[in-house]
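Side chains are part of it too, since the values below use all heavy atoms of this structure and drop only hydrogens, waters and symmetry mates. Treat the numbers as computed from the prediction; the structure is a model and nothing was measured. Sequence lines set the chain letters: A, B, ... in the order given, protein chains first and strands last, and positions in each chain run from 1.
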Amino acid sequence: MCGALRASDAGKKAVLMGWVNRRRDLGSIIFIDLRDRTGVTQVVVNRELNPSAHDKAEQLRNEYVIAVIGTVKQRDRDTVNKNIPTGEVELIIEELRLLNESKSPPFLPGEAILPNEEMRLKYRYIDLRRDAMQFNIELRHKVSKAIRDDLSAQGFFEIETPFMTRSTPEGARDYLVPSRVQPGSFYALPQSPQMFKQILMISGFDRYFQIVRCFRDEDFRADRQAEFTQIDLEMTYPQTDTVWGVVEGFLTAAFKAAAGQEIKAPFPRMSYDEAIKRYGNDKPDMRLPAMVDVRAALMPEELDELAGKFRMRKEFPLQLIRIPKAGEISGTERRTIGTYGAFQHVQGPSFVQLMTDPKRFAKDYPAPSEKVQAFAKIEPDDLWLLAGAANHPEKAAVMDQRVQHFCEKCGFLRLDLAQKYASRHKAFEKTGDPAKDFRFLWVSDFPMFEWDNAEKRWNPAHHPFTTLHEEDMAKLEANIDSVHDPKSPLGEIRALAYDVVLNGTELGSGSIRIHRQDIQKKIFQALGMSDDEARARFGFFLEALEYGTPPHGGIALGLDRIVMILAGAESLREVIPFPKTARAVDLMVDAPTPVSEAQLKELGIAIRKAQE
RNA sequence: GGGGACGUAGUUCAGUUGGUUAGAACGCUGCCCUGUCACGGCAGAGGUCGCGAGUUCGAGUCUCGUCGUCCCCGCCA
C-alpha cells in the first residue's frame, strides 16, 4: 500500500493503486504523489527511461485513480522527504495504468485549508478521503473493536434488538415509522434498547452488550446527533461497583488499543450533590479547579458585612471561581464578565452578584480578602472572582433562587471563563500524559425525580425503571402521592444511577434497575401513574417482571463522544462518516424528502398543509 | 421556540465613507521546465456578491424579509 514502503524495501518490485494526490510536472520528469488509506508514496516518471508511461502521466489530474508497477528505490540523501513516513523511498515507474478519471473536485483532499462544512457534507466522499477523516474513522473502528473484544472476554454476549419497536411517551421525541400493514399505527425507532436489554436479563442472558444505533428526535449540538451510537450493556446481580469495573475495563482497553493511552482506573467518584455544589454541573470538567464556597474562611461578622455590602444572601454559598494562570485582565474586560456565553442565558436575568475586582476587594476588605485567597489556594497569576446570590427583592420575586440553580449558574460562569481564557491556562490542551489529558469521573446518587416546571409535576430523572437507595424507601412511601407538589421531598430521593464523565462531557449513564414488581408499582404511583396507565404503557414489561426477574443493572456510553475526545475533535461530525446538519438534514443524499402520493396512500397517511 | 456568527470566482478569503471595469491565493486550462515534494515560470478562463424586496442618482457595502451552514440557551427519561 502507498503508506507501507520503507528503505528496507529498496530493490523490490511493487504495485500501488490509489489517487493522484498531487502531480509535479517538471517537463521530462514527473512526480506523482500517490495516495490511499495508508498514506502517500512518491512515484517517479522519467521520459528518457519510460516514454510511454511519461506520456500517460502528463494526462493525469488530481484525484485520478491509477495503478503503477515499478521498483522501489532508496532516494538519494539530498532528495529525502522527512515530512512523510515513506520519504526515504520512491517508486520508479515501469508501467502506468489509468483506472479512472475524475472531474475536478470542488475541493482537494490534500489541501491544508478546509472548505466550510456545507461543502464537506455535500461532497462527503471527498471529505472522507482527507487524512484526518481517515484517521478518525480508523480510530473509531479500533475503539469499537477493542470494546467488543474486551466485553467478550468479560463474558458479555453481543445481542441485537429491534429497531422498529414501540413508542413510549417518556424522554426524548421518537422517530416514527408508519406501518403499512396496520394503517394508522407506527413503530418507533429506539431511543435506547432499554427495555429489551432488561428483558434479556429476565431471559437469562446474564451479560449483554451491543454497539447500537439510537435515535432521538431532539435538536442537534456539536456533541449531539439525532442518530448516535451507544455501547449498551446490562448484567445480572451487579453492585454499582461491578458495572463501574466493567466500564473501566473496556475503556482502559479501548484507550490503550486505539490510542496507546494508559488511563488509570478506578476512576474518581463524586456524588451528584458534590458535583453541583463544587462545579455547578452534573458533569464536572476536572481539568479545571472546583469552585470554593469561601464562607467557612470568614468570621460571622465578616460574612455579615460582605453580604450587606454586596447585597447577597448569606445562606447561599459564596462561590470563589478560579481560572489558573489567566493573569491580569483589564477593567473593561472585568466588567464584561457575566455578559457572555451560557451564563447570561440560564434562568433569564442574573440573580448572581459578582465581585470581579480582586485589587479593589483587597483594598476595601483586606482581612477577608487574604483569608479567602488562602482558603481557595489562589496563586499570584490566577484570575478569580466571587459570586453570591443577589438579595434584590425585585429580582428574588421572579427568580427561582434554589441553591442548586445558583450553583449551576456559577458553574456556567466558570466554564465560560475557562473557555475564554483557554489560551492562557492551557488546561484543555493535550500534554501527552493520560492522567492529565483524560480526567474520568463517576458521578453517582442522582436524584430519582426532577420537577417539571412546564407540566407542574415530578418526572423520573433517569428512567422509571431505576431503583433507589434503600435508605430513601421510607421517604418514597411517605410522599407517594405528591406528584404535583413542587415542595415534595420526592426531590431528595437518591437513585442508584450514575454517569461516567470525561473532561466535562457526559460519556454515559446507567443505573441499577428495579427488579421487584412491588417497588416498580410504587414508583409508578409516585409518578402519578395508575395501574391501568402503567399497564397500557409498559404492560409487557411489567408482566415480564413478575416471572422471576433477577436483580440487574447496566449502562450505556456514547461511542461517538469517546472517539471525538480521543480524536481531539470539536464536533461529533468529525467522527461520524455521514452526519446530519443542525437542521437534521443529510446534505449528501438530501434527506429527508417528501414522498409520493402513492406511498402515502399505501400507508394511510395524509399530509396537512402548514397553517399560514 | 429564543439568541449570536457567517454567506463575494470551483475553494479559502479581501473588498475603505454607498461611487469607474469586484480583487488575491489555491484550484482549473494552455505552453515551458530532468530532482520536485505546498515545485517553479509565462499566458488565460472563471462572478446573478445566497435569494427577494426597499432606501438612493447610484448598493457587494445601508434597511427589512427569506433561505442555508455553524455555535449557544431551551430541549435531549
Side-chain angles (χ1 to χ4, degrees), chain A residues 21-34 40-49 54 58 61-63 73 75-84 86-87 90 92 103-123 126 168-174 191-192 194-195 214-226 228 340-348 409 412 415-416 419 446-450 452-454 458-466 495 497 506 509 511 523 527 556 558 570-571 573 580-583 585 587:
Chain A
N21 197 50
R22 264 209 173 79
R23 190 183 61 123
R24 288 176 295 281
D25 184 347
L26 276 64
S28 296
I29 188 166
I30 296 173
F31 298 98
I32 299 161
D33 290 343
L34 194 64
V40 169
T41 294
Q42 173 164 284
V43 176
V44 187
V45 192
N46 194 312
R47 179 149 52 198
E48 277 174 22
L49 299 177
H54 187 273
E58 278 185 323
R61 295 293 179 269
N62 286 327
E63 298 306 301
K73 178 189 160 229
R75 296 198 200 181
D76 299 337
R77 194 168 307 147
D78 54 335
T79 61
V80 166
N81 183 353
K82 292 194 187 81
N83 300 320
I84 55 172
T86 60
E90 57 195 4
I92 308 299
K103 291 210 306 191
S104 181
F107 57 92
L108 292 174
E111 196 72 57
I113 321 157
L114 275 180
N116 70 34
E117 282 217 56
E118 214 173 330
M119 215 24 87
R120 292 179 56 199
L121 291 174
K122 182 167 180 197
Y123 298 97
I126 295 170
T168 53
E170 274 72 33
R173 223 170 275 122
D174 284 323
Q191 297 174 23
S192 81
Q194 184 61 37
M195 279 191 276
C214 300
F215 307 85
R216 294 179 189 174
D217 187 4
E218 296 293 343
D219 289 350
F220 287 57
R221 285 292 161 76
D223 63 350
R224 267 162 35 190
Q225 284 267 317
F228 58 99
Y340 43 75
F343 179 76
Q344 61 174 342
H345 292 292
V346 179
Q347 297 279 308
K409 188 128 182 157
F412 272 115
L415 291 178
D416 277 351
Q419 207 145 36
F446 276 76
M448 188 85 177
F449 304 101
E450 63 190 7
D452 181 336
N453 213 17
W458 291 94
N459 276 331
H462 190 59
H463 57 62
F465 315 118
T466 299
E506 180 197 317
S509 193
S511 66
I523 296 298
L527 289 167
E570 296 288 322
S571 157
R573 295 183 300 277
K580 295 181 177 57
T581 70
R583 278 178 62 259
V585 169
L587 291 175

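- Checking B:rU69, B:rC71, B:rU36 against every side-chain atom of A:Ala222, the shortest atom distance belongs to B:rC71.
- Rounded to whole Å, the P atom of B:rU63 lies 10 Å from the corresponding atom of B:rG18.
- The CG atom of A:Asp223 sits 15 Å away from the P atom of B:rC75 (whole-angstrom rounding).
- Between A:Leu415 atom CG and B:rC73 atom C1' there is a gap of 14 Å when expressed in whole angstrom units.
- A:Asn459 comes within 4.0 angstrom of nothing in the nucleic acid, heavy atoms only.
- A sub-4.0 Å separation between OP1 or OP2 of B:rC75 and a side-chain N or O of A:Arg216 is absent.
- Rounded to an integer number of Å, the gap from A:Asn21 CG to B:rG27 P is 12 Å.
- Look at B:rA25: its Watson-Crick or wobble partner, with both distances under 3.5 angstrom, is B:rU11.
- A:Thr79 comes within contact range of at least one nucleobase, with a heavy-atom separation under 4.0 Å.
- Here the straight-line distance linking atom CZ of A:Arg120 with atom NZ of A:Lys122 works out to 16.0 Å at 0.5 Å rounding.
- Across all strands shown, B:rU55 has no partner, as no Watson-Crick or G-U wobble contact with both distances under 3.5 Å is found.
- Residue A:Leu114 is in sugar-phosphate contact alone, with no base atom involved, counting any heavy-atom pair closer than 4.0 Å across all strands shown.
- Between A:Asp174 atom CG and B:rC76 atom P there is a gap of 13 Å when expressed in whole angstrom units.
- For A:Pro460, the side chain to side chain contact (heavy atoms under 4.5 Å, CB included) test picks out A:Pro464, A:Leu527, with sequence neighbours left out.
- Looking at heavy-atom distances under 4.0 Å, A:Glu111 makes contact with sugar-phosphate atoms alone, never a base.
- As the counterpart of B:rA38, no nucleotide is assigned, since no Watson-Crick or G-U wobble pattern has both distances under 3.5 Å.
- The ring pair (Phe, Tyr, Trp, His ring centres under 6.0 Å) search around A:His54 returns none, not counting sequence neighbours.
- Comparing atom distances between the A:Ser571 side chain and each of B:rC73, B:rC71, B:rU12 picks out B:rC71 as nearest.
- Phosphate contact (OP1/OP2 of B:rC70, side-chain N/O of A:Arg120, threshold under 4.0 Å): absent.
- Counting any heavy atom pair closer than 4.0 Å across all strands shown, A:Gln42 reaches a base atom.
- Going from atom CD1 of A:Ile126 over to atom CG of A:Leu108 covers 8.5 Å, rounded to the nearest 0.5 Å.
- Among the protein residues, A:Ala112 comes within range of no part of the nucleic acid, since none of its heavy atoms lies under 4.0 Å from any strand.
- B:rG7 and B:rG15 have their C1' atoms separated by 15 Å, with the value rounded to a whole Å.
- Under the Watson-Crick or G-U wobble criterion, with both distances below 3.5 Å, B:rC70 is paired with B:rG4.
- Taking A:Glu450 as the reference, nothing meets the salt bridge (Lys or Arg N to Asp or Glu O under 4.0 Å) condition, with sequence neighbours excluded.
- Residues forming a salt bridge (Lys or Arg N to Asp or Glu O under 4.0 Å) with A:Arg24 (at least two apart in sequence, or on another chain): A:Asp33.
- Rounded to whole angstrom, the span from the CD atom of A:Glu570 across to the C1' atom of B:rC71 amounts to 11 Å.
- Rounded to whole Å, atom C1' of B:rC70 lies 13 Å from atom CD of A:Gln225.
- When the ring pair (Phe, Tyr, Trp, His ring centres under 6.0 Å) test is applied to A:Phe446, the partners found at least two apart in sequence or on another chain are A:Tyr272.
- Using a 4.0 Å cut-off, some side-chain N or O of A:Arg583 falls inside it from OP1 or OP2 of B:rU69.
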Atom pairs, protein N/O to nucleotides 5-10 of chain B N/O, distance under 3.5 Å:
unit_1, atom_1, unit_2, atom_2, d
B:rG10, O2', A:Pro106, O, 3.2

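- Each of A:Ile84 and A:Lys580 was assigned the nucleotide of RNA chain B with the nearest heavy atom; the assignment lying further toward the 5' end belongs to A:Ile84.
- Look at the C1' atom in both B:rC57 and B:rC42: the space between them is 44 Å, to the nearest Å.
- Atoms CG (A:Asn83) and P (B:rC39) sit 12 Å apart, rounded to a whole Å.
- For the C1' atom pair drawn from B:rA22 and B:rU16, the interatomic distance equals 14 Å after rounding to whole Å.
- The ring pair (Phe, Tyr, Trp, His ring centres under 6.0 Å) check on A:Phe228 picks up nothing, with sequence neighbours excluded.
- Across B:rG74, B:rC37, B:rU36, the shortest atom-to-atom separation from the side chain of A:Glu90 is found for B:rU36.
- Evaluation of atom-type donor-acceptor distances gives a pair under 3.5 Å for the side chain of A:Arg224 against the base of B:rC75.
- Regarding contacts with the backbone of B:rC28, a side-chain N or O of A:Asn62 is found under 4.0 angstrom from either OP1 or OP2.
- Taking atom P on both B:rU29 and B:rA45, the two are 16 Å apart, rounded to the nearest angstrom.
- For A:Arg22 and B:rC39, the shortest distance from a side-chain N or O to OP1 or OP2 is below 4.0 Å.
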Query - side chain to side chain contact (heavy atoms under 4.5 Å, CB included) between A:Phe31 and A:Val44, intermediate numbers included - result: CA-CA 5 Å; A:Phe31 298 98; A:Val44 187; 4.1 Å; yes
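- In this structure a side-chain-to-backbone donor-acceptor pair under 3.5 Å is present from A:Asn46 to A:Glu48.
- Spacing of C1' atoms, B:rC6 relative to B:rG60, comes out at 15 Å, to the nearest Å.
- In terms of modelled atom types and a separation under 3.5 Å, the side chain of A:Arg23 and the main chain of A:Glu58 share a donor-acceptor contact.
- Here B:rG18 sits opposite no nucleotide as a Watson-Crick or G-U wobble pair (both hydrogen-bonding atom distances under 3.5 Å).
- B:rC13 sits 9 Å from B:rU8 when the C1' atoms are compared, rounded to a whole Å.
- Salt-bridge annotation for A:Glu218 and A:Arg224: absent, with no side-chain N of the basic residue lying under 4.0 Å from a carboxylate O of the acidic one.
- When the nearest nucleotides of RNA chain B are assigned to A:Arg23 and A:Ile92 by heavy-atom distance, the more 5′-ward of the two goes with A:Ile92.
- The salt bridge (Lys or Arg N to Asp or Glu O under 4.0 Å) check on A:Arg221 picks up nothing, with sequence neighbours excluded.
- Judged by Watson-Crick or G-U wobble contacts below 3.5 Å, the nucleotide B:rC76 has no partner.
- Within the 4.0 angstrom heavy-atom criterion, no nucleotide atom of any strand lies near A:Thr466.
- Taking atom CG on A:Asn116 and atom C1' on B:rC26, their separation rounds to 16 Å, with Å as the unit.
- Spacing of C1' atoms, B:rA14 relative to B:rA9, comes out at 13 Å, to the nearest Å.
- Side-chain N/O atoms of A:Arg24 include none lying less than 4.0 angstrom from OP1 or OP2 on B:rU36.
- Between the A:Glu90 side chain and the A:Arg75 main chain, no donor and acceptor come within less than 3.5 Å of each other.
- Closest to the A:Glu218 side chain, of the nucleotides B:rG1, B:rU12, B:rC76, is B:rC76.
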Requested in this report: Assign a letter to each nucleotide of nucleotides 29-34 of chain B from its 5' end: B, base within under 4.0 Å of a protein heavy atom; S, sugar-phosphate only; -, no contact.
Outcome: SS--BB
